[in-house]
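Here is the structure we will look at.
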Amino acid sequence: MNYKTRNELSILIHQEQITQNNMDEVLALSNLHPSQNDFLFFVRNTLLWVGAISLIMSLLFFMAFNWNELGRFAKFLLVEAVMGTSILLYLFLDNYKKLQEVLLMLASIALGILLALIGQTYQTGADPWQLFAVWALLMTPWVVVAGFSGLWLLWIVLFNLGILLYFQKFDLSLFAIAEMHDNLLLLVFILNAMLWTVWEFLASKYKAFDSAISLKFLAFLTVASISTLVISRIYEYEHEAHQIYFVLHALCLGAMYYVYRIRQVNVYMMSLFALSLFLLALNLLFRVSAEYTDDFLGSIFFLLIAIGVMTTLIIAWLKHLAKEEN
């Protein structure tokens, strides 16, 4: 049941238009409680994913335990058998969408194991960034064709790991002023902000990219990385060059507010927006109170009041946005 229906029921109960006598009937009609079919569907999907994870983990442990006893042919045959069988079953099970998603995820993970096995067996000397980059590249056609959110999340993680390890390997710097730790966070922000922007554009045109979970994940990585940079600089503000982080943070939140509040209402995105501002304000207050106040207990009391007030305002604002979204 969505938020709008729940809110309408709450109003009716408060106005005593729904009495205790007909409460059970109203709840049954509103589908508030999951039905037996919903429960069986959840159990079936859970067991399906548990089985797939157990299969891939058993393959890994079997190969690791019997590494010296297994020859090259046997190692490759095991992994290729799992990957090939998963792909074949995916092609012939058009009527089982959930099973197809699990099979393609299984094949994608087996692909990564196969690439790692090739590097380990033939001692190619490949760097970790090459493994993740090639893995993401080879599974891209599967992800685009399937349009499955779980595969997209795996692809995003692999893509990020490949780029980050590449920059770390060659000690590349985005800005000369930034240390290595800052560079990696800054790279995560720039990389995922670009992916987020491109993804929003592609999602409006192509069904394969219409994955709300992927957009939320990219938004989280973007906001979390730039917020971490900004908050860390609150305690090291003497470096004037670090002001670029505050500018990027303001631009990011400003763009989020325009797209997900003015143009359209998205409660999740605005939750990230509010959380980032909340953490920034809280750390600013803590920095100021620690520097200009000697009364420790008074500072803690002031911060607790500030947390309570800001939390109340944020919750009230998000509730208002949830009504608009529905």
Applied to residues 40-63, the side chain to side chain donor-acceptor pair (under 3.5 Å) test, sequence neighbours excluded, yields none

Residue pairs meeting side chain to side chain donor-acceptor pair (under 3.5 Å), one or both in residues 187-199, sequence neighbours left out, come to Asn160-Asn192, Trp196-Tyr260

When rounded to the nearest 0.5 Å, the distance separating CZ of Phe159 from CG of Leu191 is 5.0 Å

Quiz item: Between Ser227 and Ser276, do the side chains contain an N or O donor and an N or O acceptor separated by less than 3.5 Å?
Solution: yes

Task: Residues, nucleotides or ligands: over 12 heavy atoms within 6.0 Å of Ile213 CD1 - done: no

One should read off an interatomic distance between Leu215 CG and Met269 CE, to the nearest 0.5 angstrom, of 5.5 Å

Taken to the nearest 0.5 Å, the spacing of Leu111 CG from Glu80 CD works out to 11.0 Å

- Run the side-chain contact (heavy atoms from CB on, under 4.5 Å) check on Leu158 and Met139 step by step: do they pass? CA-CA 10 Å; Leu158 295 174; Met139 69 175 286; 3.6 Å; yes

Here the side chain to side chain donor-acceptor pair (under 3.5 Å) pairs for residues 135-144, sequence neighbours left out, are Thr140-Trp155

- Item | Leu106 vs Met83, side-chain contact (heavy atoms from CB on, under 4.5 Å): CA-CA, chis, key distance, verdict | CA-CA 7 Å; Leu106 192 63; Met83 185 172 66; over 6 Å; no

Contacts of Arg261 meeting salt bridge (charged side-chain N to carboxylate O under 4.0 Å, His left out) (sequence neighbours excluded), chain-then-number -> Glu324

For Leu251, the other hydrophobic cluster members (4.5 Å side-chain criterion, sorted by chain and number) are Val247

Interatomic distance, CD1@Ile231 vs CG@Leu279, rounded to 0.5 Å, equals 5.0 Å

Working for side-chain contact (heavy atoms from CB on, under 4.5 Å), residues Tyr206 and Asp210: CA-CA 7 Å; Tyr206 304 101; Asp210 188 13; over 6 Å; no

Applied to residues 299-316, the salt bridge (charged side-chain N to carboxylate O under 4.0 Å, His left out) test, sequence neighbours excluded, yields none

